[in-house]
Structures are given as C-alpha cells and as structure tokens.
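Each chain gets a letter, A, B and so on, in the order the sequences are listed, and its residues count up from 1.
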2 protein chains.
Amino acid sequence: MSEAALAAPMSSSALPATPSFLPLYQQIKALLMRSLQAGEWRAGEVIPSEVELAARFKVSQGTVRKAIDELATENLLVRRQGKGTFVATHAEEKIQYRFLRLTPDDATSAGMQRRLLDCRRMRAPADVLRALEMKSGEAVVELRRLLLAEGRPVVLDDIWLHGALFKGLSAEKLAGYRGPMYSLFETEFGVRMIRAEEKIRSVAAGADEAALLAVPVGTPLLSVERLSFTYGDKPVELRRGLYNTAHHHYRNVLS
Amino acid sequence: MSEAALAAPMSSSALPATPSFLPLYQQIKALLMRSLQAGEWRAGEVIPSEVELAARFKVSQGTVRKAIDELATENLLVRRQGKGTFVATHAEEKIQYRFLRLTPDDATSAGMQRRLLDCRRMRAPADVLRALEMKSGEAVVELRRLLLAEGRPVVLDDIWLHGALFKGLSAEKLAGYRGPMYSLFETEFGVRMIRAEEKIRSVAAGADEAALLAVPVGTPLLSVERLSFTYGDKPVELRRGLYNTAHHHYRNVLS
DNA sequence: AAGTGGTCTAGACCACCTG
DNA sequence: AGGTGGTCTAGACCACTTA
C-alpha cells in the first residue's frame with residue numbers, strides 16, 4: 001500500500017475517515033483508543049498482536065508499534081515481552097492504588113483498610129454538576145468512606161460518581177468487594193479511569209471531619225480534590241479527600 | 001558495522017566500554033548523558049545532528065533517534081523540528097518555574113516576585129547533610145526567600161545547596177538576577193536540576209512563618225519538601241517550602 | 001517450534017527552518 | 001537549496017514465553 005498511503009495517508013478504503021492529515025501512527029492510535037472505549041477488548045485482556053494489527057490497518061508493524069508505544073507510556077496499554085500487549089487495569093496486584101500518592105513516613109507499608117460510611121443516589125449539587133459536565137437535574141452517586149492504616153483513620157473521602165454510568169452501585173456491592181474501587185468500576189460498570197487531575201491545599205479540620213479522623217478540631221489536613229477521566233477526556237468522578245499527614249505524606253515526582 | 005555490532009554490540013573500537021550487553025540505544029543514551037554531565041554541550045545549546053551522532057557512534061540514525069527520544073521524554077533534551085536538538089534549560093521563557101506546581105485559583109496568573117531574606121554559608125545541619133548525601137562537616141549555602149503574588153506573600157522557602165558546587169553564591173548575585181533561580185544555577189555554576197522529589201503535608205503556621213507570610217499563627221499551610229537532583233541522581237538541593245493555599249493550590253496530574 | 005514483543009538497519013520521503 | 005527532525009517501510013535477528 002506504500003505509494004497510495006504516502007500520497008494521501010488513510011485515504012480511501014480500509015479505514016474510517018479520522019481527522020486525516022495526521023501522521024499515520026496517530027490515526028492508528030486514535031483507532032485503537034476508539035476500540036478500547038467501545039470495549040472491543042476488556043481490562044486486563046490481550047489485544048491483537050502487532051503484526052495482526054498491522055495487517056488489519058494495512059500499515060507496517062513499525063507504525064502500529066509507534067502507536068502502541070504512546071498508548072503504553074500513557075498507561076492505557078501494558079506491553080509484556082513474549083506474551084502480548086494488554087489493556088491496562090487498576091486490578092493489577094502490583095500497581096494497586098495507582099492514583100493514591102499517600103505514603104507512610106516510615107515505609108512500613110501494609111496497605112489500607114476501607115470503611116464505607118455512606119452511599120446514596122441524589123441530584124447533583126451545583127459544583128459537582130459543573131465539574132462532571134452533567135446537565136442540571138441529573139443524578140450522582142455520593143459516597144463517603146474512610147481509609148485506615150493500622151486501624152487508625154487517615155483519609156476521609158467524599159466521592160461523587162456520574163449517575164448514568166454507575167446504575168446499580170450500592171453499599172452492598174461496595175462492601176462485598178475486595179481490591180481497589182477503580183477495579184470494581186472496570187469489571188462491574190465498564191468504566192476505566194485513565195487520567196486524573198488533583199488540586200491540593202491545606203485546610204483546618206471542621207467538627208465532622210475531626211471526629212471521623214479522630215483528630216482535634218482545627219488540625220491541619222491535606223485537602224485533595226481529584227477529578228478523574230475516562231476515555232475521551234470525559235470526567236466521571238469527583239473526589240474530595242482529607243488526608244491526615246501526621247504520619248503520612250503525599251509524594252510527587254517532578255521531571 | 002552491521003555484523004560486528006549485532007554479534008557483540010559496542011565491542012572493540014570507537015566506543016568506550018559501557019556496561020555492554022545493554023541494547024545499543026541504551027548505551028548511546030548513556031554516552032549522551034555522560035557528555036551532558038561533562039558539559040560538552042551547555043544548557044540551551046544545540047547538540048550534533050542525528051546523522052552526525054550516528055556517524056560518531058557508528059550506528060544507524062534510528063538507533064540514535066531512539067536514544068534521543070528517551071532523553072527528550074525525560075526532559076533532558078528538547079527537539080525542534082528543522083532546527084535541531086537542544087539541551088533543556090530552566091531559562092526557557094515558556095517553561096519557567098518548571099518545578100513550581102502552585103497555581104492561582106482564578107487563573108489571573110501574573111508571575112511571582114521574589115524577595116531574598118537571607119543567604120549564608122554554614123556547616124550543614126544533620127538532616128540536610130543526610131538528604132544531600134554529604135560528608136559530615138561539609139558546607140552548604142542556606143537561603144530564605146519569599147515569593148509574592150500581587151504583592152502578597154504566598155511562599156516561604158528555606159533552601160540548602162551543596163556548598164562545594166555553589167562556591168561564590170551570594171546575596172548580591174541572587175539579587176541582581178532576573179529569571180528563575182535554577183536558570184542562574186545553570187549559567188553561573190553549571191549545575192542543572194533534572195529531576196526532583198517532593199513530600200507534601202499539611203502543617204500549622206508557627207510564629208516566624210506566620211509573620212513572614214502575613215497570616216495568623218496556626219493557619220494551615222502546605223509544607224512542600226523538595227529534593228532536587230542533577231545528572232547521575234546526585235542530590236544537590238533541599239528545599240522546604242511553606243505555601244499559603246488560601247488563594248492558590250498545588251496542582252498535579254495523575255496518569 | 002512457533003508466537004510475541006524488542007532491537008537494529010537502510011533507505012525513502014515529508015515538514016520545517018535557515019541562509 | 002540544503003540541513004534538521006519526523007514519518008513510514010521492509011526485513012533481519014534477538015529475547016522471552018508457551019505449548
């Protein structure tokens with residue numbers, strides 16, 4: 001297909017009209033992303049091999065490879081030599097709590113326990129509505145939960161989920177699930193969090209929060225507001241966390 | 001050089017004995033990194049073209065390209081189509097304050113003013129010594145400064161610099177310099193910060209800090225401890241910042 | 001042995017920048 | 001026009017995994 005493709009990349013047959021005039025590998029990347037979004041392959045599954053994809057898209061293996069490279073560095077895919085390329089998942093034992101940057105000061109590290117405090121369906125408050133880009137009147141699922149380290153509460157999370165995408169989410173379902181919440185979201189609702197933005201500030205504990213975190217009122221807490229996105233940069237979760245940083249810290253790497 | 005290289009990559013002539021048995025492009029990458037560290041090309045300068053490097057190292061352009069790709073994604077190099085590949089610098093107008101993640105809540109954004117409060121040379125305190133991997137008794141330069149947004153103090157930084165690397169750093173030199181501190185470090189001392197780790201917690205303002213930041217004692221502040229590294233993962237700067245997050249927040253992106 | 005991703009090459013052409 | 005990085009191809013071989 002060389003000459004045709006070079007003259008007018010992605011021109012006539014074989015491929016749907018993506019924006020075009022993008023580099024070939026970008027178009028392949030977009031097509032792969034679309035397949036991921038459409039659920040053609042599920043979280044944790046293998047995707048077709050590079051040569052197979054090259055044949056499907058009628059391009060060389062190197063071009064497919066470059067597309068997959070980018071998706072891998074964006075953590076949408078995971079390469080495993082000799083085995084294949086897999087759809088990234090939050091369920092991986094090793095990479096659990098991918099989005100939680102809180103670390104114990106002395107790296108005893110023993111994982112955290114969860115305690116669900118509240119779970120209800122409701123009309124979205126105005127600010128949540130705006131953050132999740134929802135239409136006025138639409139429903140959200142509201143959660144409140146604690147994370148505990150060695151029995152002591154460290155994180156208080158208030159969570160709002162796009163209602164339409166999380167139909168049937170209940171306290172029972174959450175309680176009966178081992179492993180990270182984002183993993184449940186993948187398997188039960190087919191919603192995969194691929195990116196998030198956090199805004200962090202320092203605040204004083206109010207009465208409620210102080211009681212739940214077992215600290216005096218006015219204790220300085222880390223306020224972490226997280227907006228999480230699925231495919232297509234669609235925001236689907238807003239989370240307001242209060243972290244007790246007496247024996248933990250939020251770690252970050254700059255480069 | 002094809003057959004020889006394939007049989008025993010980086011074998012005899014032309015190339016110093018790097019670890020070897022690493023992929024060729026990783027060896028090239030290491031060599032480029034060494035040249036950067038040695039100061040063969042300075043911050044902001046062009047490095048030789050891909051074809052030239054390919055000739056020097058006796059490998060194909062594609063291999064050099066892959067090495068440069070990695071260095072570019074690690075922000076050590078910057079590619080500019082048609083012009084060449086450049087050594088990354090903190091002086092770039094656009095990418096100024098690369099390591100400062102503080103953002104105004106309403107994106108008025110006007111850059112921040114600096115005010116140097118203190119600058120002295122001293123024996124390193126124990127914790128600073130340990131963080132900078134220095135020998136007991138070695139000297140550090142200690143700085144204290146404020147960052148102000150629209151005239152109001154927002155950040156109070158205490159900074160310790162590896163003394164041996166920053167000989168001759170003085171209050172005058174700092175005061176008379178426009179542009180980010182890290183840029184001065186590059187041009188005056190040849191020390192380039194390429195990576196940093198931050199530990200963030202929430203603390204209450206003490207008496208001194210409250211006065212300097214013009215907030216009541218006990219105000220919740222963001223404590224940001226940053227350890228910055230040059231080439232070879234050598235730590236050269238420790239920084240303890242206190243951020244007033246009343247009208248600013250620390251932003252972070254997770255992926 | 002066969003299949004997968006990973007490395008390396010050589011050569012073509014494109015897009016951008018500078019003299 | 002000539003140089004630079006950017007894209008794409010085709011084919012060879014390596015390293016790892018599974019059966």
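Here the side chains of N252(A) and V224(B) are not in contact, with every heavy-atom distance at 4.5 Å or above.
Spacing between atom CG of L24(B) and atom P of dG6(C) amounts to 17 Å, rounded to whole angstrom units. Rounding to whole angstrom units, CD of residue Q26(B) and C1' of dC8(C) are separated by 14 Å. For the pair Q27(A) CD and dT7(D) C1', the computed distance is 12 Å after rounding to whole Å. Rounded to whole Å, atom P of dT7(D) lies 11 Å from atom CD of E50(B). Between L22(B) atom CG and dC14(D) atom C1' the separation is 15 Å, expressed in whole Å. Nucleotide dG3(D) holds its C1' atom 12 Å from the CZ atom of F86(B), rounded to whole Å. One can place CD1 of I68(B) at 9 Å from P of dG6(D), the figure rounded to the nearest angstrom. One atom, CD of Q61(B), and another, C1' of dG6(D), lie 10 Å apart when rounded to the nearest Å.
Judged by closest nucleotide on DNA chain D, D69(B) is the one of G62(A) and D69(B) placed further toward the 5' end.
Relative to the axis of its first five pairs, the axis of the last five pairs of the helix from dA1(C)-dT18(D) to dT18(C)-dA1(D) sits at 0°, rounded to 10 degrees.
The pair E40(B)-R56(B) counts as a salt bridge, with a side-chain nitrogen and a carboxylate oxygen less than 4.0 angstrom apart. A salt bridge does not link E45(A) to K83(A): none of the charged side-chain nitrogens sits closer than 4.0 Å to a carboxylate oxygen. A salt bridge links E50(B) with R79(B): the distance from a Lys NZ or Arg NE/NH1/NH2 to an Asp or Glu carboxylate oxygen falls below 4.0 Å. The pair E225(A)-R240(A) counts as a salt bridge, with a side-chain nitrogen and a carboxylate oxygen less than 4.0 angstrom apart.
Stacking of R80(B) on the aromatic ring of F86(B) is recorded, both the 6.0 Å distance cut-off and the 45° axial limit being met.
OP1 or OP2 of dG5(C) has not a single side-chain nitrogen or oxygen of R65(A) nearer than 4.0 Å. Checking the phosphate oxygens (OP1, OP2) of dG6(C), a side-chain nitrogen or oxygen of R79(A) falls inside 4.0 Å. Between T63(B) and dC8(C) there is no side-chain polar atom (N or O) within less than 4.0 angstrom of OP1 or OP2. Taking side-chain N and O atoms only, T85(A) has a distance below 4.0 Å to OP1 or OP2 of dG5(C). One finds no side-chain N or O of S49(A) lying less than 4.0 angstrom from the OP1 or OP2 phosphate oxygen of dG3(C).
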Atom pairs, N/O to N/O, protein against nucleotides 15-17 of chain C, distance under 3.5 Å?
from, atom 1, to, atom 2, distance (Å)
dA15(C), N3, Q81(B), OE1, 3.1
dC16(C), O4', Q81(B), OE1, 3.4

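Between Y250(B) and Y250(A), the ring-plane angle classifies as perpendicular under the 30° and 60° cut-offs. The aromatic rings of F185(A) and F189(A) sit perpendicular, their planes meeting at an angle over 60°, well past the 30° parallel limit.
In the model, S255(B) has no side-chain atom that pairs as donor or acceptor with a side-chain atom of E74(A) under 3.5 Å.
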